[in-house]
Amino acid sequence: MVVSRFAPSPTGYLHLGNARTAIFSYLFARHHGGKFILRVEDTDRERSTQEFEQMLLQDLQWLGLEWDEFYRQSDRFDLYKEYAQKLLESGHAYPCFCTVEELESERKRAEEKGVPYRYSGKCRALTPQQVEGYKKEGRPYTLRFRVPDGRVVVFEDLIKGHISISVEDFGDFVIVRSDGTPTYNFVVVVDDATMGVTHVIRGEDHIPNTPKQILIYEALGLQPPRFAHLPVILGEDRSKLSKRHGAVSVRNYREEGYLPDALFNYLCLLGWSPPEEGKELFSKEELIRLFSLERVNSSPAVFSKEKLRWLNGVYIREVLPLDRLVEELLPFLERAGYRPDKDYLRRVLQKTRDSFETLKEGVQRLRPFFAGELTYSEEALKTLQTQQATAVLSAFLHKLQQRELSGEGVKAIAKEIQKELGLKAKEVWHALRACLTGELEGVGVDILCEVLPKEEVLGRVERALSKSGHRRPADTPQALLCEDFHRREDSPGLS
RNA sequence: GCCCCCAUCGUCUAGCCAGGUCCAGGACACCGCCCUUUCAAGGCGGAGAGCGCGGGUUCGAAUCCCGCUGGGGGUGCCA
């Protein structure tokens, strides 16, 4: 059975690059009907926190990645100790009493001489008596892995192909720290082996670690898994995507109003391409069916927020079922202070979902559909001040009082006003728009009138009108309008 | 410095493994037109890479080989 895993360390929010790794690993397991394991790598006790672990799990769940098994490395220290003991007994590991300072100066010396640094192997040949003696003195020590001389480790990467690295490039490395905690290269082997992981899918920054791990597998007499190293994700400047590039965590995008399915879909397009050309829109189920490591590109990809935005827009306007869109948008509206009725919101979204690309943007777009918070842009106020606008609005008010309101009705009314006043269609609509939305751009005014209760429309018109009609010298139109609209709290049926 | 990985429109990519059907296809972004009460959305059209450079191999190379250059990653008692 295929077993893959995602092994993040809880030292920050889930990074987009890691999220993609998780997705590919998940897709691979599901595609083969295998098992997907989540393993929290918290052996670095300095940097790992409970909070980050929680965030990590939440973000993964939000993305729709469900795991079959969960492990935390800090729960498995006994196991690592056991394996370390094995390596020690078989002579594949040895205690090293070098201090951090000593090692630091070794490194510095190498650098000065311009030669590549590797651990000197000073403690390699310590006699059992020396070791005993040092231990008795209470000197702290690490456990180092004895790297066989002259080996060239070779493996077939599922994405990169043939990779060969000589052990000359690294010296004996630490597998257990002086405080007794095991290090990454060691635990990862113990874990992958004991968990039955068959495919290690991870970022290509792990390529240099792979030979070390293979060596440990061999020392333990275990069969190494298959490796697949994904290319990194780059920022616009072609350096590794990092905080310098702005929003790089899944959390950021969630908060900005991106949908999990859209992010999932987009991330897949970064480095993987579907077998069928032309299509870019995929559900999770389709991705599971289509995914293969063979179609993962081996060169790094630049993350494009523009394209993510576009794809998110596609999900908002075409993919997501209306009811789910309502559910997704609701929390964003609530955060902005609106408490819309679901059915009402549903009706609004039906007409407006094609006019925004993120949920956050949706809140902005939908503001005119809710009472109480209308503010006016400068251009809108300027428009409202014109004589034309006043004429249009009073005509509108007059006609409105005698008939029902609907989208079609508004169109008819606008046309009548246009004729009667001898204006261009544009001028009529501009006045209505400014008065009803506070902006000169946005969703269709007819849509607004169709959905908004008639009394709310009347209210907005009346107030714009009465104030602009009885203007006192000291009052700027802005002050008049704003003050007025802010005073109005609720409108029946809206909150 | 040393080691490893990578290289097709601005960006994501198809094509490369099994050389000709590719004077290189799609998508985002961009430009124009249409629709239109605005911004979008939508529809239609356009521009944009001779496939990093230089050598080979071959009748023929984006596709195979070598070198160079460029970019990225690694070089920890981080993961």
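A, B, ... follow the sequence lines: proteins, then strands. Residue 1 opens every chain.
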* To do: Taking only Lys NZ, Arg NE, NH1 and NH2, and the carboxylate oxygens of Asp or Glu, determine whether Lys307(A) and Glu280(A) approach each other closer than 4.0 Å.
  => yes
* If you measure only the distance, is there a donor-acceptor pair under 3.5 Å linking the side chains of Arg367(A) and Thr375(A)? -> yes
* Given Phe24(A) and Phe291(A), is the ring pair (Phe, Tyr, Trp, His ring centres under 6.0 Å) satisfied, shown in steps? -> CA-CA 8 Å; Phe24(A) 283 9; Phe291(A) 186 80; 5.1 Å; yes
* When the distance from CZ of Arg118(A) to C1' of rG74(B) is rounded to whole Å, what number comes out? -> 16 Å
* **Spacing of the C1' atoms in rC31(B) and rG72(B) (rounded, Å)** => 33 Å
* Asked: What interatomic distance, in whole Å, is found between C1' of rC22(B) and the corresponding atom of rG15(B)?
  -> 8 Å
* Asked: Taking the side chain of Ala301(A) as its heavy atoms from C-beta onward, which of rC5(B), rC12(B), rG72(B) lies nearest to it?
  -> rC12(B)
* Contact class for Lys279(A) vs. all strands (heavy atom < 4.0 Å): base, sugar-phosphate, or nothing? -> nothing
* Mapping Val443(A) and Pro300(A) onto RNA chain B by nearest heavy atom, which one lands closer to the 5' end? -> Pro300(A)
* May I ask you to check whether Gln387(A) and Thr390(A) show a side-chain donor-acceptor distance below 3.5 Å? => no
* Asked: Taking the C1' atom of each, how far is rU63(B) from rU58(B), in whole Å?
  -> 13 Å
* To do: Using whole Å, report how far CD1 of Ile233(A) lies from P of rG72(B).
  => 16 Å
* Establish, from distance only, whether the side-chain atoms of Gln213(A) and Asn185(A) form a donor-acceptor pair under 3.5 Å. => yes
* Expressed as a whole number of Å, how far does the C1' atom of rG42(B) sit from that of rC35(B)? -> 8 Å
* Choose from rA79(B), rA14(B), rG72(B) the nucleotide whose nearest atom is closest to any side-chain atom of Asn297(A). => rA14(B)
* Asked: Would one find a side-chain N or O of Arg433(A) under 4.0 angstrom from OP1 or OP2 of rU36(B)?
  -> no
* Structure fact -> Side-chain contact check for Ser298(A): nearest option of rA14(B), rC77(B), rA7(B) is rA7(B)
* Could you give the CD-to-C1' distance, from Gln213(A) to rG74(B), as a whole number of Å? -> 13 Å
* To do: Have a look at Ser164(A) and say if it touches a base, only the backbone sugar-phosphate, or nothing, with a 4.0 Å heavy-atom cut-off.
  => sugar-phosphate
* Go ahead and name the base partner of rA7(B); Watson-Crick or wobble counts if both distances stay under 3.5 Å, otherwise write none. => rU69(B)
* To do: Figure out the CG/P separation between Asp237(A) and rG10(B), and round it to whole Å.
  => 17 Å
* Rounded off to whole Å, could you give me the CZ-to-P distance for the Arg365(A) and rC39(B) pair? => 10 Å
* **Partner of Asp172(A) under salt bridge (charged side-chain N to carboxylate O under 4.0 Å, His left out), chosen from Arg144(A), Arg124(A), Arg146(A)** => Arg124(A)
* Asked: Any side-chain donor paired with an acceptor under 3.5 Å for Arg20(A) and Ser25(A)?
  -> no
* To do: Would you classify His229(A) as touching base, sugar-phosphate or nothing, given that sugar-phosphate means primed atoms plus P, OP1 and OP2, and contacts are heavy atoms under 4.0 Å?
  => nothing
* Asked: Relative to the ring of Phe145(A), is the ring of His92(A) parallel (under 30°), tilted (30 to 60°) or perpendicular (over 60°)?
  -> parallel
* Check the angle between the aromatic planes of His229(A) and Phe227(A) and answer parallel, tilted or perpendicular using the 30° and 60° thresholds. => parallel
* Would you say rA14(B) has OP1 or OP2 under 4.0 Å from some side-chain N or O of Ser273(A)? -> yes
* To do: Can you tell me the distance, in whole Å, between the CG atom of Leu234(A) and the P atom of rG70(B)?
  => 17 Å
* Structure fact -> Checking rA29(B), rU37(B), rC77(B) against the side chain of Glu306(A) (C-beta onward), the nearest is rA29(B)
* Looking across every strand, which nucleic acid part, if any, lies under 4.0 Å from Val445(A) by heavy atom: base, sugar-phosphate, or nothing? -> base
* If only atom types and distance count, is the side chain of Asp157(A) paired as donor or acceptor with the main-chain N or O of Ile163(A) below 3.5 Å? -> no
* Which of these nucleotides, rA79(B), rU37(B), rU11(B), is closest to any side-chain atom of Arg238(A)? -> rU11(B)
* Distance between the P atoms of rC4(B) and rG48(B), in whole angstroms? -> 41 Å
* Report the nucleotide, chosen from rG42(B), rG1(B), rC4(B), that has the shortest atom-to-atom distance to any side-chain atom of Arg317(A). => rG42(B)
* May I ask you to say what Leu103(A) touches in the nucleic acid, namely base, sugar-phosphate or nothing, with a heavy-atom cut-off under 4.0 Å? => base
* Please determine, for the side chain of Glu280(A), which listed nucleotide (rA27(B), rU13(B), rC2(B)) has the closest atom? => rA27(B)
* Asked: Given that Val100(A) and Gly161(A) both sit by RNA chain B, which one's nearest nucleotide is further toward the 5' end?
  -> Gly161(A)
* Expressed as a whole number of Å, how far does the C1' atom of rG10(B) sit from that of rG1(B)? -> 34 Å
* Cys96(A) near the nucleic acid: base, sugar-phosphate alone, or nothing, with a heavy-atom cut-off under 4.0 Å? -> nothing
* Let me know the distance between CD of Glu204(A) and P of rA79(B), rounded to the nearest Å. => 20 Å
* Structure fact -> Of the candidates rA41(B), rU37(B), rC5(B), the side chain of Ile207(A) sits closest to rC5(B)
* Does rC77(B) have OP1 or OP2 sitting under 4.0 Å from an N or O in the side chain of Arg107(A)? -> yes
* To do: Looking at every strand, decide which applies to His15(A) at a 4.0 Å heavy-atom threshold: base, sugar-phosphate, or nothing.
  => nothing
* Asked: Hey, does the side chain of Thr43(A) come within less than 4.0 Å of rA79(B)'s phosphate (OP1/OP2), counting only N and O?
  -> yes
* Asked: Which label fits rG50(B), syn or anti, where anti is any glycosidic angle not within 90° of 0?
  -> syn
* Remember a base hit wins even if backbone is also touched, and classify Arg295(A) as base, sugar-phosphate or nothing at under 4.0 Å, heavy atoms. => sugar-phosphate
* Please give the nucleotide sitting opposite rC2(B) as a Watson-Crick or G-U wobble pair, both distances under 3.5 Å, or none. => rG74(B)
* When you compare rG52(B) with rU13(B), how far apart are their P atoms, in angstrom units rounded to a whole number? -> 15 Å
* To do: Assign Gly442(A) to base, sugar-phosphate, or nothing according to its heavy-atom contacts below 4.0 angstrom with the strands shown.
  => base
* Asked: Touch check for Arg47(A), heavy atoms < 4.0 angstrom, all strands: base, sugar-phosphate only, or nothing?
  -> base
* If you measure from the ring centre of Trp310(A) to the centre of the six-membered ring in the base of rC28(B), is it under 5.5 Å, with the planes under 30° apart? -> no
* Structure fact -> Winner on side-chain proximity to Arg144(A), out of rG72(B), rA79(B), rC77(B), is rC77(B)
* To do: Assign Gly444(A) to base, sugar-phosphate, or nothing according to its heavy-atom contacts below 4.0 angstrom with the strands shown.
  => base
* **Candidate nucleotides rC3(B), rU37(B), rC6(B), ranked by approach to the side chain of Ser299(A) - the nearest** => rC6(B)
* rA24(B) to rA41(B) separation - P atoms, rounded to the nearest Å -> 29 Å
* Asked: With both distances under 3.5 Å as the test, what is the Watson-Crick or G-U wobble partner of rC30(B)?
  -> rG46(B)
* Grab the CG-C1' distance between Asp192(A) and rA79(B) for me, whole Å please. => 13 Å
* To do: Please check the phosphate of rG1(B) (OP1 and OP2 only) for any side-chain N or O of Lys113(A) closer than 4.0 Å.
  => no
